[in-house]
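Before any comments, here is the structure.
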Protein chains: 2
Amino acid sequence: MAVTLKEVAERAGVSRSAVSRTFTDGASVSDKMRRKVEKAARELGYSPNALASSLTTGRTKLIGLVSNNFHNPIFLEVFDLFTRGLQDRGLRPLLVNLTDETDPEASVRMLRQYSVDGVVVASSTLPPGFAKAFRDAGVPVVHSFGRYSSAPQVHVVGIDNVECGRMAAQTLIARGYTHMAFMGGPEDATSTQDRFTGFMSEMTKHPDIQTTYSFAEAYSFDAGRKEMLRLIDASPAQAYFCGDDVLSIGALSAIEDSNLRVPEDIGIIGLNDMEMARWENIDLTTIHQPIRQIVTSSIELMVAMLNEPDRYPEARIFPCSVVERGTLRPAP
Amino acid sequence: MAVTLKEVAERAGVSRSAVSRTFTDGASVSDKMRRKVEKAARELGYSPNALASSLTTGRTKLIGLVSNNFHNPIFLEVFDLFTRGLQDRGLRPLLVNLTDETDPEASVRMLRQYSVDGVVVASSTLPPGFAKAFRDAGVPVVHSFGRYSSAPQVHVVGIDNVECGRMAAQTLIARGYTHMAFMGGPEDATSTQDRFTGFMSEMTKHPDIQTTYSFAEAYSFDAGRKEMLRLIDASPAQAYFCGDDVLSIGALSAIEDSNLRVPEDIGIIGLNDMEMARWENIDLTTIHQPIRQIVTSSIELMVAMLNEPDRYPEARIFPCSVVERGTLRPAP
DNA sequence: AAGCATTTTGCAACCGGTTGCAAAAATGAT
DNA sequence: ATCATTTTTGCAACCGGTTGCAAAATGCTT
């Protein structure tokens with residue numbers, strides 16, 4: 001079907017090596033030869049087979065992009081940034097959607113079968129062990145949005161979720177709330193656990209402030225709404241640190257429907273600062289997660305690892321900051 | 001680095017063909033042989049190189065998934081469905097993000113270099129010519145969410161946007177509005193053009209109803225909000241058919257901020273029925289686009305084409321339907 | 001136990017490229 | 001024009017698999 005190197009060589013009346021060399025940069029070819037080959041290639045509509053060459057070069061320029069977050073709008077931004085960033089460096093994202101049913105082992109195997117040069121795990125909910133499976137298989141891996149650790153086993157790029165929890169608590173404290181709560185995402189997500197830890201660690205410094213907590217079933221609108229409806233039905237706190245922005249928006253919807261006002265009756269602070277958070281009809285106060293930087297840095301790290309596979313694992317942590325909008329009452 | 005077929009063969013004390021055969025189903029291998037090989041493979045941690053085998057079989061099981069919609073939340077649902085659907089059939093999505101800057105030619109070339117078995121173009125804004133470029137390059141292609149044509153040049157799966165425009169117009173007419181408008185997405189998107197055509201064709205049957213139209217710059221919240229603010233500043237219509245749901249939500253935000261009520265002062269009907277449309281704080285009346293069916297059907301069509309490359313191009317069009325929620329006043 | 005049909009196995013060529021090495025060609029110095 | 005040096009080119013082996021074909025092994029019949 002497709003035109004091969006051999007055909008071009010025959011047409012140009014040169015050896016196959018010569019053709020190969022004109023298409024690999026850095027190889028030694030005379031101008032005359034190059035012109036001859038390029039002419040023949042053009043006439044035949046030849047373009048080299050990247051997969052065949054990967055056999056000898058050992059490089060496919062394929063990068064596995066693994067995620068299980070196909071329901072959180074922020075990940076559309078993440079995929080956008082990743083695909084563009086990788087493309088710009090001549091790398092190709094092979095997308096893997098890790099659902100609850102898919103066997104993690106199977107995806108490791110599959111990505112190895114396709115000889116990906118590296119793997120980016122983009123998820124804030126997967127345990128560190130998942131990314132480690134790739135490392136153990138000898139595949140360079142970066143865990144983006146992964147759990148921060150002072151002794152990382154694999155490269156991690158993300159934020160310090162414990163610190164974010166602390167920051168949220170401090171923000172609420174500064175607003176003078178006397179009863180506040182943590183409404184987390186799924187309890188088994190590492191990001192939920194860490195944010196919870198940080199939040200609580202700060203609150204223990206303020207025993208006078210009443211603190212409660214609960215967890216939603218998922219990082220989703222429905223889960224946030226459902227949980228907030230339940231909380232309102234009991235006796236709600238004055239302000240909530242919600243697991244993330246989608247959850248916050250679900251909570252806001254519940255509050256609105258219960259004829260309570262934001263921020264007067266209940267205050268909300270989210271986390272992520274996704275595009276939607278600044279939509280005027282949402283106007284969510286939230287903690288900004290610098291996803292652009294995280295993605296860029298992840299890609300840089302990946303590129304660095306391709307050249308230096310045994311690079312010592314490092315954690316790259318980016319600072320977050322509170323974005324003041326309309327869902328928290330002003331400081332007294 | 002990785003374990004190869006040859007090593008397994010040596011360890012098991014058999015020929016390379018034998019190893020190859022145990023890993024290709026349908027090949028003739030005795031049980032004894034299979035056990036021997038599998039044992040050796042297990043001990044060595046061998047898994048076959050999919051790319052190397054593609055060289056001889058001519059199949060990579062790689063499917064290019066090309067899109068330029070990385071800002072519309074509905075496409076996260078689309079990517080979710082596509083990746084899962086493809087995975088379930090043993091196919092791997094190679095994601096291509098087509099930005100304004102990327103040369104379409106280049107992506108065609110790139111996907112050919114990676115010998116993808118087929119390409120899915122998932123976009124409602126790309127011209128049919130783009131998908132055709134793949135067909136001309138001899139690559140099976142399906143254009144999902146593409147423009148409906150009675151004489152399609154490539155396989156198209158989607159909706160009849162003209163019909164949707166008509167349906168929107170009819171819905172507004174039935175509500176007894178006397179001044180209504182079309183607020184489209186970007187004017188050069190085929191979906192915008194078709195919805196406009198349909199909308200207008202219906203309105204010409206009702207010369208008594210005042211009809212106006214305008215276009216937003218993109219299918220985005222900001223564009224919708226901006227355009228609606230502009231319209232409100234002039235003299236707004238009683239009801240709008242907005243290009244899609246995100247645009248509608250932007251419009252809703254503008255209306256709210258202008259202290260006008262929905263649906264009393266201004267009615268809105270969107271298109272897509274994305275997840276967010278049913279969020280209680282949005283509650284958008286919209287035209288449901290059956291994306292699940294479109295994606296499923298696209299994948300089925302792709303699989304069919306892999307077995308029968310010269311399949312005659314067909315258009316698969318799925319019916320849409322109005323989903324009544326809270327942004328249009330009830331019929332009189 | 002021999003004869004035949006059937007299944008299993010290995011050989012070797014091939015898929016579409018790359019690359020080390022040595023021969024050939026071009027360049028430069030004298 | 002000669003020779004040493006550098007650059008360019010082709011040969012041939014290899015990357016990790018698959019597959020048609022013929023030989024070897026097995027199963028079945030009588």
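Owing to the predicted nature of the structure, the values given are computational and were not obtained by experimental measurement. FYI, side chains are in, hydrogens and waters are out, and symmetry mates aren't considered; it's all heavy atoms of this structure. By convention in this document, chain letters (A, B, ...) are assigned in the order of the sequence lines, proteins followed by strands, and residues within each chain are numbered from 1.
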Between D:dT9, C:dT8, D:dG17, which nucleotide has the shortest distance from any of its atoms to the side chain of B:S28? C:dT8
Quick one: the side chain of B:S53 and the base of C:dC15, do they pair up donor-acceptor inside 3.5 Å? no
When rounded to the nearest 0.5 angstrom, what distance separates CD in B:E10 from OG1 in B:T4? 7.5 Å
Looking only at the side chain of A:T24 (C-beta and beyond, no hydrogens), which of the listed nucleotides C:dG16, D:dG10, C:dT18 gets closest? C:dT18
The nucleotide from C:dT19, C:dA12, D:dG10 with an atom nearest the side chain of B:S17 is C:dA12
Side-chain donor or acceptor of A:R21 under 3.5 Å from a matching atom on the base of C:dG20? yes
The nucleotide from C:dT9, C:dT18, C:dC15 with an atom nearest the side chain of A:S20 is C:dT18
Are A:Y219 and A:F75 an aromatic pair by the rule of ring centers under 6.0 Å? no
Which comes earlier along DNA chain C counting from the 5' end, the contact point of B:T56 or that of B:A18, where each point is its nearest nucleotide? B:A18
To the nearest angstrom, how far is B:L55 atom CG from D:dC14 atom P? 17 Å
Under 4.0 Å between a side-chain N/O of B:T4 and OP1 or OP2 of D:dG16, yes or no? no
Looking at B:S30, I'd like to know whether one of its side-chain N or O atoms comes within less than 4.0 Å of OP1 or OP2 on C:dT9. yes
Can you tell me how far the CD atom of B:E314 sits from the CG atom of B:L301, to the nearest 0.5 Å? 5.0 Å
Determine whether any donor atom in the side chain of A:R16 lies under 3.5 Å from an acceptor atom in the base of C:dG17, or the reverse, and answer yes or no. yes
Could you check B:K32 against B:A50 and say which one's nearest nucleotide on DNA chain D is further toward the 5' end? B:A50
Phosphate contact (D:dG17 OP1 or OP2) by B:Y46 side-chain N/O below 4.0 Å: yes
5' precedence on DNA chain C between A:K6 and B:D31 (nearest-nucleotide basis): B:D31
Of all heavy-atom pairs between B:A315 and B:S149, which one has the smallest distance, and what is that distance? CB-O, 3.9 Å
Centroid-to-centroid, A:F82 to B:F70, below 6.0 Å? no
